[in-house]
> 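One structure follows; several queries about it will come next.
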Amino acid sequence: MNDDKPLSAVEKVKEGSGGLRGDLAAQLAADAPHFTGTGAQLLKFHGSYQQEDRDRRRERRGTGEEPAYQFMVRCKIPGGLLTAGQYLALDELAGCYGNGTLRVTTRQDNQFHGVVKGDLKATIRALNDVLVTTLGACGDVVRNVVTCPAPLPGGLRSEVLQLARRLSDHLLPRTRAYHEIWLNGEQVAEGAPQPEPIYGSRYLPRKFKVAIAFPDDNCCDVHSNDLGFLVVSDGGRLAGFNVLVGGGLGRTHGKQDTYPRLADTLGFAATDEAIEVAEAVVKVQRDHGDRGDRRHARLKYLLDERGLDWFRDEVERQLGRPLAPPAPVQVQDIEDHLGWHDQADGRSFYGVFVENGRIQDIGERRLRSGLSRIVRTLGPGVRFTPQQNVLLTDIPNGRRALVERILADHGVLREETLSAVRRWSMACPALPTCGLALAEAERALPDVVTQLERELERLGLADAALTVRMTGCPNGCARPYTADLAFVGRSLDKYAVFVGGSMLGTRLGVVYADLVPRNQLVAAVRPLFERYRDERLGAERFGDFCHRVGVEALRASVPVTQ
Ligand code: SRM
Ligand code: SF4
């Protein structure tokens, strides 16, 4: 399809890059503090984005200086699983080359911010030395495979985590360019690099996201992914997965032909078929996705244009056999995994709340130091969650008190002291690092949550669990459109307010008010909370209430700040 459209500029860059090489090595070796043209594009596939410190933009423009170039480096961590040694290596690199913080992402990765060009190679090399790759963390390939990282007893979580790793390995680019450029031709973290049997010379039309969820725990927001697997179990055994396709959240303000979409159920794959089915789905998108218009290139648009039946036919053609019909399972619940939980064999895991994913020391709250002290002392596994938090795993039950003492010594907030609204909140990085940010998010949400806490307390709603998410633009990186309540950046200091999404990630919210100044966000939603307090049915959640009443009725009944 779309053969009539000319290829977009990025398609030409990929095709002409000789397996993601281009002139990246030469540009990396040059003195300039930044990459230009194709180099900056190809760098993404290697796991890094060229950025600038936007806080310094005005001052530097004023003095005629070039932007304060810096780089974001994203580690690709399937299922968010790290060993203690890997975590400590990341922590050290954040201090040596980054801005002193680790950033847990909504896809269970870690990002370093503020790396200068001259330190990129040392950073990526050091990551690979501890078997953490950055290859394919960004770019038009399969991104990090996400799933629930909680080591709950029963064995299914561990089987699914292993599958996430195998899926990720199978769908990694095979180019040798990564090794040549960053690792001096040596092979360290992956299997033998080959030509690209899955991707071909142009890779995919766009980023491609894969998630695996459990019906009783959709902590990874499976319906927001291009390809999702929903666990189907049979008597405690992993029977397979319902296969979901066509989720994605990105949209552009004012462009109605871009929109968030939840994934549809395509069929069923037995456990040992999952990788083959994933490859088939990826290949259909490779061959039919839009390569002329990057705003229209995600799988969701192909699904809407051609329909689910056409898509299933194409996947079955790739597979050479029909897909089985889906099992009658659907998402029913979600967990955040914070606090203490039993594992098996006298061990426990502890979920640590990380506000907006930023592991850092600020003032009395020394989360970064506290985590590294625990990891040095006890050597636990470290797992990043899709809600930007950290799990410390395999802790002997007898050491729980020690963990608690170290956290307290470092001023780290325990989950039981958090309000429900803060505990479930998420924001994307936005300013000052993200080049696409129109408004603040990570730096603004904590104060907005404080105001929400006061308001909810005043209304007697302090215990109401609701997901509040903020992003600096409509791209949807903190998954705002599936939240109960979301603030999406429109322009500096102004936001669109979305309500009516579902905490379970199974329904999209809609715009309730637009262009609301940041200092009026809470005032704008106060009337909704008042109606929620008075009219909710039993344990109805805020998003479900807004959806039931309907945004038109909500708007009609209250004055909206514009
Ligand atoms: Fe994202 C682009 C950060 C998860 C949709 N995202 C970006 C960039 C790279 C900005 C850019 O292109 O210049 C951001 C880097 C900011 C910075 O300074 O670090 C960025 N996205 C993030 C992270 C770090 C947000 C976070 O709070 O953790 C997440 C990294 C995930 C990872 O480890 O791979 C992140 N991004 C998401 C998600 C959520 C998810 O996948 O569960 C989405 C919505 C789901 C989806 O993909 O549809 C998301 N990011 C986007 C889009 C819109 C894509 C689209 O289809 O239109 C862009 C812009 C683009 O691709 O052109 C984008
Ligand atoms: Fe940047 Fe927008 Fe993503 Fe936030 S949502 S990180 S502002 S692209």
> Sort out for me which residue in K14, K209, K207 forms a salt bridge (charged side-chain N to carboxylate O under 4.0 Å, His left out) with D140.
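Only one of K14, K209, K207 forms a salt bridge (charged side-chain N to carboxylate O under 4.0 Å, His left out) with D140, namely K14.
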> Could you walk me through whether H337 and D217 pass the side chain to side chain donor-acceptor pair (under 3.5 Å) check?
CA-CA 10 Å; H337 306 296; D217 183 6; 2.7 Å; yes
> Drop me the distance from K283's NZ to E314's CD, to the nearest 0.5 angstrom.
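CD of E314 is found 13.5 Å from NZ of K283.
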> Determine whether the aromatic ring centres of residues F71 and Y97 are separated by less than 6.0 angstrom.
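Centroid separation for Y97 and F71: 6.0 Å or greater.
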> Can we say R202 and E15 salt-bridge, meaning some charged N sits less than 4.0 Å from an Asp/Glu carboxylate O?
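Looking at E15 together with R202, the answer is yes, because their closest N to O distance falls below 4.0 Å.
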> Surrounding CD of E66 (heavy atoms of other residues, nucleotides or ligands, distance under 6.0 Å), is the total greater than 12?
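Enclosed: over 12 neighbouring heavy atoms sit under 6.0 Å from CD of E66.
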> Show your working on side-chain contact (heavy atoms from CB on, under 4.5 Å) between Q388 and V354 and close with a plain yes or no.
CA-CA 7 Å; Q388 304 173 323; V354 184; 5.7 Å; no
> Identify the heavy atoms of I212 and C220 that sit nearest to each other, and give their distance.
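Nearest heavy atoms, I212 then C220: O-SG, 3.4 Å.
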> Is there a donor-acceptor contact under 3.5 Å linking the side chains of Q111 and R74?
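Side-chain D/A pair, Q111 to R74: present.
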> Taking all atoms of both residues into account, what is the closest heavy-atom pair of S8 and R294, and its distance?
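Scanning both residues completely, I find the closest heavy atoms to be OG-CG, 3.9 Å.
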> Quick one: are I334 and W424 in side-chain contact, heavy atoms under 4.5 Å?
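Of all side-chain heavy-atom pairs linking W424 with I334, at least one is under 4.5 Å.
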> Salt bridge or not between R312 and D309? Use side-chain N to carboxylate O under 4.0 Å.
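Looking at R312 and D309, the cut-off is met.
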> So does R295 have more than 12 non-hydrogen atoms from other groups sitting under 6.0 Å from CZ?
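It does not: R295 CZ has 12 such atoms or fewer within range.
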> With the threshold set at 4.0 Å, does a side-chain nitrogen-carboxylate oxygen contact exist between K5 and E11?
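Salt bridge between K5 and E11, a charged N being under 4.0 Å from a carboxylate O: no.
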> Between the side chains of R317 and D287, is the shortest nitrogen-to-carboxylate-oxygen separation below 4.0 Å, so that they form an ion pair?
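Looking at D287 and R317, the cut-off is not met.
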> Should W182 and L127 count as side-chain neighbours, where that means a heavy-atom distance under 4.5 Å?
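The answer is no, as the side chains (C-beta and beyond) never meet within the 4.5 Å cut-off.
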> Measure the CZ-CZ distance between F311 and R306 for me, rounded to the nearest 0.5 Å.
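Going from CZ on F311 over to CZ on R306, the span is 11.5 Å.
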> After noting the C-alpha distance and the side-chain angles of R321 and E276, does the key distance pass the side-chain contact (heavy atoms from CB on, under 4.5 Å) rule?
CA-CA 11 Å; R321 60 171 191 280; E276 199 189 356; 3.0 Å; yes
> Over all heavy atoms of both residues, which pair between N218 and G505 is shortest? Give the atoms and the distance, please.
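Closest approach of N218 to G505, heavy atoms only: ND2-CA, 4.2 Å.
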> Does Q51 reach the side chain of P432, with side-chain heavy atoms less than 4.5 Å apart?
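Of all side-chain heavy-atom pairs linking P432 with Q51, none is under 4.5 Å.
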> Taking D226 as the fixed residue, which of R143, R298, R286 is the one that meets the salt bridge (charged side-chain N to carboxylate O under 4.0 Å, His left out) rule?
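When salt bridge (charged side-chain N to carboxylate O under 4.0 Å, His left out) is applied between D226 and each of R143, R298, R286, only R298 qualifies.
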> Roughly how far, to the nearest 0.5 Å, is the CD1 atom of I275 from the OG atom of S168?
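Between atom OG of S168 and atom CD1 of I275 there are 10.0 Å.
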> Judged by modelled atom types alone, do H179 and N128 share a side-chain donor-acceptor pair under 3.5 Å?
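No pair is found: no donor N or O on one side chain lies under 3.5 Å from an acceptor on the other.
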> Using a 4.5 Å cut-off on heavy atoms from C-beta on, say whether the side chain of P386 contacts that of P149.
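They are in contact (side-chain heavy atoms under 4.5 Å apart), so the answer is yes.
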> With rounding to the nearest 0.5 Å, note down the distance linking CG in D169 to OG1 in T133.
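D169 CG to T133 OG1: 9.5 Å, rounded to 0.5 Å.
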> Calculate, to the nearest 0.5 Å, the distance between atoms CG and NE2 belonging to D53 and H113 respectively.
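Separation between the atoms: 11.0 Å.
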> Do any pairs count as a ring pair (Phe, Tyr, Trp, His ring centres under 6.0 Å) and have a residue in residues 244-287, sequence neighbours left out, and if so which ones?
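For residues 244-287: Y259-Y301.
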> Within a reach of under 6.0 Å around CD of Q330, are more than 12 heavy atoms found that belong to other residues, nucleotides or ligands?
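Counting neighbours around CD of Q330, 12 or fewer heavy atoms of other residues, nucleotides or ligands fall under 6.0 Å, so no.
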> According to the salt bridge (charged side-chain N to carboxylate O under 4.0 Å, His left out) rule, which pairs have a member within residues 248-263, sequence neighbours left out?
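Applying salt bridge (charged side-chain N to carboxylate O under 4.0 Å, His left out) to every pair that reaches into residues 248-263, excluding sequence neighbours, yields R261-D264, R261-D304.
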> Rounded to the nearest 0.5 Å, what separation is found between the OG1 atom of T433 and the CG atom of N99?
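The CG atom of N99 is 8.5 Å from OG1 of T433, to the nearest 0.5 Å.
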> Only one of V132, L88, N110, V390 passes side chain to side chain contact (heavy atoms under 4.5 Å, CB included) with L82; say which it is.
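The side chain to side chain contact (heavy atoms under 4.5 Å, CB included) with L82 is passed solely by V132 among V132, L88, N110, V390.
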> Nearest heavy-atom pair of P260 and K300: which atoms, and what distance?
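Shortest heavy-atom separation between P260 and K300 comes out as CA-NZ, 4.1 Å.
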> Do you know which two heavy atoms are closest between N356 and A427, and how far apart they sit?
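Shortest heavy-atom separation between N356 and A427 comes out as OD1-N, 3.0 Å.
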> Search all heavy atoms of A68 against all heavy atoms of R56 and return the closest pair with its distance.
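Scanning both residues completely, I find the closest heavy atoms to be CB-NH1, 3.8 Å.
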> Before giving the answer on side-chain contact (heavy atoms from CB on, under 4.5 Å), spell out for F214 and V160 the whole-Å C-alpha distance, their side-chain angles and the decisive distance to 0.1 Å.
CA-CA 9 Å; F214 291 79; V160 165; 3.6 Å; yes
> Quick test of your reading: applying salt bridge (charged side-chain N to carboxylate O under 4.0 Å, His left out), list the pairs with at least one residue in residues 103-114, sequence neighbours left out, ordered by first then second residue.
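Checked against salt bridge (charged side-chain N to carboxylate O under 4.0 Å, His left out) - neighbours excluded - the pairs reaching residues 103-114 are R103-E442.
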